[in-house]
Every structure is written in C-alpha cells, then in structure tokens.
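We count residues from 1, following the sequence as given. Note that ligands are numbered from 1 as they come in the structure, with each ligand's atoms numbered from 1 the same way.
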Amino acid sequence: LDAKEEFTHTTLAANVMRPRRNEVPLTVLTQDDMTVEDLEATINETTYNGFPVIVSKESQRLVGFALRRDITIALENARRKQEGIVTSSRVHFTQHTPTLPADSPRPLKLRSILDMSPFTVTDHTPMEIVVDIFRKLGLRQCLVTHNGNVLGIITKKNILEHLEQLKQNVEPLTSPWHNNEKGYS
Ligand code: ADP
C-alpha cells in the first residue's frame, strides 16, 4: 500500500458521524426560539445524552452543546422554583433575552448550562486524528461541522464501534501477532 492509496482509503469523520445518510436528522436545539414545551418534548422523545445548540433552523450554525442531564435538572428547577415559568415560556441559550411580545410569560434562561466551546472536527478530518483526539482528551462526544454548520455527532461509543470494524476488516490481512500493534483494543 503506497501513501497515496492509503490516503484514498482513509475513513473520514463524515463516514462515522451520526446521523448516517437516510437516517432521521440530528436532534438539535435552537438558541432562542423554543418553548419549555418544545424542550420537554425533545427530552421526552429522545434518549441522546446531549444536543447541539444552533443559531436557528435556517442557519444551522453551531453555538454550543447542552447535556440532557443539565437540561432535565434546569427544567425541573424552573418548574418547581421559578415563578412565572410555564409551558409556553420561551427558552434561550443566548446572553440576552430575545424580544418578546409584552404579554409573554417569563422566559427561561439556560445560558449557564451551555458548553460554548464543544469539541468539533470538520467532516473531512481523517478518523485516525479523531480517534487520537478522543484518546488524548478523554472526550465523550465530538461534533462534526462544515463551514461552522453542524452536520453530525460522534460519540465515544461510535469510536469504539469504528475501531471494532477496522479490526475486523484488517484481521484477515494481518498475522495474529500484529492484531494489536496499534493498541486499539
Ligand atoms: P451513546 O453513543 O453512548 O449511546 P447517545 O445515547 O448520546 O450516546 O447516542 C446514541 C446514538 O445517537 C449515537 O450513535 C450517537 O452518535 C447518536 N446521537 C447522539 N446525540 C444525537 C443527537 N442529538 N441527534 C441525533 N443523533 C445523536
């Protein structure tokens, strides 16, 4: 295998990220136009550990990442303690409250649970590099972007599945003594 050939066979972040082609789209949150009801529905209808937060459905620009755990706690606290937070309250991850009609219920500010610099790689990043980043930084997940717009997510479990698949593809070509030479197990 010469270098060029190896390069053309390299798996890229786009090949490993979810959703895969034809799968349901990534579940994302928008930074300032969802209601408490929308957010609760998203939490109840999915089991994902976290959600990319984007500027708006139109722009898809990534602004951060919010964990299910933190959202659940914030919603419970808001419902229990913060007077005026109701089903139709607007949720915002932005610093400033969006402009709302005068008779709107009090909005729920979730800025404090937003990770504003989640790890990201571009869709063209070779998986070797992505795996290395996961190992060295102990990541749980990484977002995949193209021109600042979010395309997908890679979790630690996705990385482990990818490595397992590599091992299976490689095994017939490798002698038993060398299966673990890259330390992938
Ligand atoms: P794990 O990979 O540890 O099971 P999750 O439950 O968060 O973690 O994710 C389950 C699967 O769904 C993974 O394949 C992951 O890539 C994908 N996934 C994670 N978050 C989202 C999301 N917000 N929208 C769509 N798919 C997601």
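Using a distance-only test at 3.5 Å, with no hydrogens or angles considered, no donor-acceptor pair links the side chain of N77 to the main chain of A74.
Here R20 does not pair with E161 in a salt bridge; the nearest charged N to carboxylate O distance is not below 4.0 Å.
Between T97 and R90, the side chains place no donor N or O within less than 3.5 Å of an acceptor N or O (distance only, hydrogens not considered). Side-chain contact annotation: H124 with T122, donor-acceptor N/O pair under 3.5 Å absent. Judged by distance alone, the side chains of R61 and T145 never bring a donor and an acceptor atom under 3.5 Å apart.
The heavy atom nearest to atom 16 (O) of ligand 1, out of those in T42, N158, T46, is found in N158.
If you look at N49 next to ligand 1, the close heavy atoms, those under 4.0 Å, come from the backbone and the side chain alike.
Heavy-atom contacts of T155 reach the following atoms of ligand 1: 1 (P), 2 (O), 8 (O), 15 (C), 16 (O) (cutoff under 4.0 Å). Heavy-atom contacts of R18 reach the following atoms of ligand 1: 14 (O), 16 (O) (cutoff under 4.0 Å). Less than 4.0 angstrom separates some heavy atom of I153 from each of these atoms of ligand 1: 16 (O), 18 (N), 19 (C), 20 (N), 21 (C), 27 (C).
Atom 4 (O) of ligand 1 has K157 NZ, 3.4 Å as its closest protein atom, hydrogens excluded (heavy atom only). Scanning the protein for heavy atoms near atom 24 (N) of ligand 1, the closest one is T27 N, 2.9 Å. If you check which protein heavy atom lies closest to atom 9 (O) of ligand 1, you get Y48 CD2, 4.0 Å.
At least one heavy atom of G50 sits less than 4.0 Å from an atom of ligand 1.
Atom CD1 in I73 sits 9.0 Å away from atom CD1 in I113 (nearest 0.5 Å). Note that CZ of R135 is 12.5 Å distant from CG of L137, once rounded to the nearest 0.5 Å.
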